[in-house]
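Letters A, B, ... mirror the listed sequences (proteins, then strands); counts begin at 1.
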Amino acid sequence: MPELPEVEAARRRIERGALNRTIEAVTYGDDITHMDLPDRAALDRFTGTQFSTATRHGKFIFAGTQGGPWMMIHLGMAGSIRVMDADEVDADYIRLTVAFEGGTRLTFRDPRKFGEIVVVEGVEDYVAERGLGPDALTIGDNAFADVIGGTRGAVKSALLAQSKLAGVGNLWADESLYRAGILPDARACDLDAGRIGQLHGVVGDTLKAVVDTDAVYSKLPADWLIHRRDEGADCGICDGAIGKTKVGGRTSYFCPDHQTGG
DNA sequence: TTTACTGTTAGGAC
DNA sequence: TGTCCTAACAGTAA
C-alpha cells in the first residue's frame with residue numbers, strides 16, 4: 001500500500017536487514033509475465049556485491065552498491081518488500097528475490113504486477129529522467145507555493161502529480177486536505193498564500209506522522225480520516241458526515257462541512 | 001458475477 | 001507550448 005510513508009518503511013527494512021551482506025544470487029519469482037524487471041545480465045551485476053546504502057525519492061527506493069549499480073524498486077499499487085530469515089517461508093506472489101550469503105533474503109512481492117525494478121547507475125540522474133518533482137518531505141516553502149499554488153486545476157490533483165511533488169498518493173492527499181480544511185476539488189490557484197503555506201505544513205506533518213508509525217495505520221490519531229474512509233461516517237473534526245466524490249478520476253473522501261474551497 | 005483499488009503513463013482535449 | 005483529464009494496465013478481494 002505504498003505512498004511515501006509506506007515506501008519509507010520499506011526502505012528502512014532494507015536498511016536494517018539487507019545492507020553489508022554479500023549477494024549470492026538474484027532470482028526471478030514465478031509468473032513475471034508483463035512485469036518490468038531487469039534482464040538476467042543486469043541482475044547478475046549484483047552477484048558478489050553488497051548493498052551499502054538505501055535511499056528514497058518520493059515513492060522510489062534505491063538500494064546502492066559501493067561504486068556500482070543501484071537497484072531501483074517501485075512498489076506500484078500493491079507491492080511490498082520483506083527481509084526474510086533463512087528459515088522463513090516465502091509468501092505468494094514473490095516476483096524477485098535477492099539472496100544473501102547465509103540464507104537471509106530480500107523479497108519483492110507484487111500480486112498486481114504494477115511494480116517495477118530497474119538497474120540504474122545513479123539516483124539523481126534517474127530522478128531527473130523520470131521527471132520527478134522534489135520529495136514531499138523535504139520541499140521548501142517557496143517551491144511548494146510555486147508548484148502547488150501555481151496550478152489551475154484541483155488542489156488534490158496537484159498534490160498527486162509526481163512531477164510537481166514526489167511521494168503523495170491518494171490516501172495521504174485526502175488526509176492532508178481533510179486536516180488542512182481544504183476541499184479536494186478546490187482550484188489550487190484560488191487558495192491564498194496563507195492556506196498554501198498551511199497546506200505545506202500539514203502535508204509534511206501528516207507524512208512524518210505516518211512514517212513515525214512505520215505506516216501502521218492503527219497507531220494514527222483517532223480523529224484522522226484514514227479511520228473513517230466511508231461515505232456517511234462521522235467526521236472526526238466537526239459534526240459533519242464524510243462524503244465521497246471523484247477528483248481527477250480518483251476516489252476522494254472529504255468532509256463537506258469543515259473543508260472549504262477558495 | 002461485478003466492482004473497486006493506496007500508482008503511473010500515453011494520448012487526446014483544452 | 002503547456003497543462004489537464006481519462007483510460008488502460010493486471011490481478012485480487014469484497
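- In this structure, CD of A:Glu8 is placed 17 Å from C1' of B:dT6, rounded to the nearest angstrom.
- Taking the side chain of A:Arg250 as heavy atoms from C-beta on, and the options C:dC9, B:dT8, C:dC4, the nearest nucleotide is B:dT8.
- Using a 30° and 60° split on the angle between ring planes, A:His258 and A:Tyr178 fall in the perpendicular class, above 60°.
- Between A:Arg130 and B:dT8 there is no side-chain N or O to OP1 or OP2 distance below 4.0 Å.
- Taking 4.0 angstrom as the limit, A:Lys164 places a side-chain polar atom (N or O) nearer than this to OP1 or OP2 of C:dC4.
- Of the listed nucleotides (C:dG11, B:dT6, C:dC9), B:dT6 has the atom at the smallest distance from the side chain of A:Arg229.
- Base pairing annotation: B:dA13 forms a Watson-Crick or G-U wobble pair with C:dT3, both donor-acceptor distances under 3.5 Å.
- In this structure, A:Met77 places its CE atom 6 Å from P of B:dT6, rounding to the nearest Å.
- In this model, the phosphate group of B:dT8 is approached by a side-chain N or O of A:Lys59 to a distance below 4.0 Å at OP1 or OP2.
- Dashed line: the shortest gap from a side-chain N or O of A:Tyr93 to OP1 or OP2 of C:dG11 is not under 4.0 Å.
- Across the protein-nucleic acid pair, A:Leu225 atom CG and B:dT6 atom P stand 12 Å apart, rounded to whole Å.
- For B:dC5, one of the phosphate oxygens OP1 or OP2 lies less than 4.0 angstrom from a side-chain nitrogen or oxygen of A:Lys246.
- Comparing B:dT9, B:dT6, C:dT12 by their nearest atom to the side chain of A:Asn170 picks out B:dT6.
- Nearest to the side-chain atoms of A:Pro2 among the listed nucleotides C:dT12, B:dT6, B:dC5 stands B:dT6.
- Comparing B:dT6 with C:dC4, their C1' atoms are spaced 22 Å from each other, to the whole Å.
- We find that CG of A:Leu75 is positioned 23 Å from P of C:dC9, with the value rounded to whole Å.
- Residue A:Gln162 places at least one side-chain N or O closer than 4.0 Å to OP1 or OP2 of B:dT8.
- Enclosure of atom CG in A:Asn20 by more than 12 non-hydrogen atoms of other residues, nucleotides or ligands within 6.0 angstrom is indicated.
- Distances were taken from every side-chain heavy atom of A:Asp31 (C-beta onward) to each of C:dG11, B:dG7, C:dC5; the shortest belongs to C:dG11.
- If you take CG of A:Asp36 and P of C:dG11, they are 13 Å apart, rounded to a whole angstrom.
- Under the side-chain hydrogen bond (donor to acceptor under 3.5 Å, both in side chains) rule, A:Arg105 has a single partner from A:Thr97, A:Asp90, A:Thr27, which is A:Asp90.
- Formation of a donor-acceptor pair under 3.5 Å by the A:Glu3 side chain with backbone atoms of A:Leu171 is found in this model.
- Considering only side-chain N and O atoms, A:His74 lies under 4.0 angstrom from the phosphate OP1 or OP2 of B:dT8.
- Between the CG atom of A:Leu160 and the C1' atom of C:dT3 there is a distance of 16 Å, rounded to whole Å.
- If you measure from atom CZ of A:Arg95 to atom C1' of C:dT12, you get 11 Å, rounded to the nearest angstrom.
- The pair A:Arg56-A:Asp135 counts as a salt bridge, with a side-chain nitrogen and a carboxylate oxygen less than 4.0 angstrom apart.
- We find that CG of A:Asp174 is positioned 9 Å from P of B:dT6, with the value rounded to whole Å.
- With B:dT6, C:dG11, C:dC5 as the candidates, the nucleotide lying closest to the side chain of A:Ser157 is C:dC5.
- A:Asp31 and A:Lys113 are joined by a salt bridge, as a carboxylate oxygen and a charged side-chain nitrogen come within less than 4.0 angstrom of each other.
- Considering only side-chain atoms of A:Thr251, the nucleotide from B:dT8, B:dT6, B:dC5 that sits closest is B:dC5.
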